[in-house]
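These numbers come from the heavy atoms of this one structure, side chains and all, not from hydrogens, waters or symmetry mates. Starting from 1, each residue takes its place in the sequence as its number.
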Amino acid sequence: PTSAIAGLLYDRLVEQGVDGSTANCAISTAYSVASEDELIAMGLASANPEAIAIVTQGSLDCGIPKEVVDAAIAAQFGG
């Protein structure tokens with residue numbers, strides 16, 4: 001990942017046991033729906049549900065189980 005937000009997303013997924021290529025898939029897939037700037041504007045940094053839903057769907061589309069995605073979100077935002 002070449003940006004701070006993508007790096008954080010990548011790190012949280014890898015910490016949950018997702019391999020690097022699958023984590024990159026999740027980020028790329030999410031960014032195909034909304035750019036990083038759009039996600040930031042939507043409130044990704046404050047866990048806005050709409051922004052989180054895009055990242056979650058990108059992860060699911062790449063085969064990452066929902067419970068792993070939820071654990072990564074919880075690790076980032078506490079929850």
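If you take CG on Leu39 and CD on Glu50, they are separated by 9.5 Å, rounding to the nearest 0.5 Å. Rounded to the nearest 0.5 Å, atoms CD (Glu38) and CG (Leu44) are 12.0 Å apart. Taken to the nearest 0.5 Å, the OG atom of Ser3 stands 7.5 Å off from the CD1 atom of Ile40.
Annotation for Cys62 and Thr22: closest pair O-CG2, 3.6 Å, computed over non-hydrogen atoms. Ala23 approaches Val14 most closely through the heavy-atom pair CB-CG2, 4.2 Å. Heavy atoms only, all atoms of each residue included: Ile27 and Ala6 are closest at CD1-O, 3.4 Å. Listed here is the closest heavy atom pair of Ile5 and Glu36: CB-OE1, 3.1 Å. Closest heavy-atom contact between Ser59 and Val69: CB-CG2, 3.4 Å. Summarising the geometry of Ala75 relative to Gln16, their closest heavy-atom pair is CB-NE2, 4.0 Å, with the distance given to 0.1 Å.
Between the side chains of Ser21 and Asp19, at least one donor-acceptor pair of N or O atoms lies under 3.5 Å.
Residues passing the salt bridge (Lys or Arg N to Asp or Glu O under 4.0 Å) test with Glu15, sequence neighbours excluded: Arg12. Under the salt bridge (Lys or Arg N to Asp or Glu O under 4.0 Å) criterion, Asp70 pairs with Lys66, sequence neighbours left out.
Just one residue in the list Leu60, Ile54, Val55 forms a side chain to side chain contact (heavy atoms under 4.5 Å, CB included) with Gln57, and that residue is Leu60.
Linking Ile, Leu, Val, Met, Phe, Trp and Tyr residues whenever their side-chain heavy atoms come within less than 4.5 Å leaves Val33 and Leu8 in two separate clusters.
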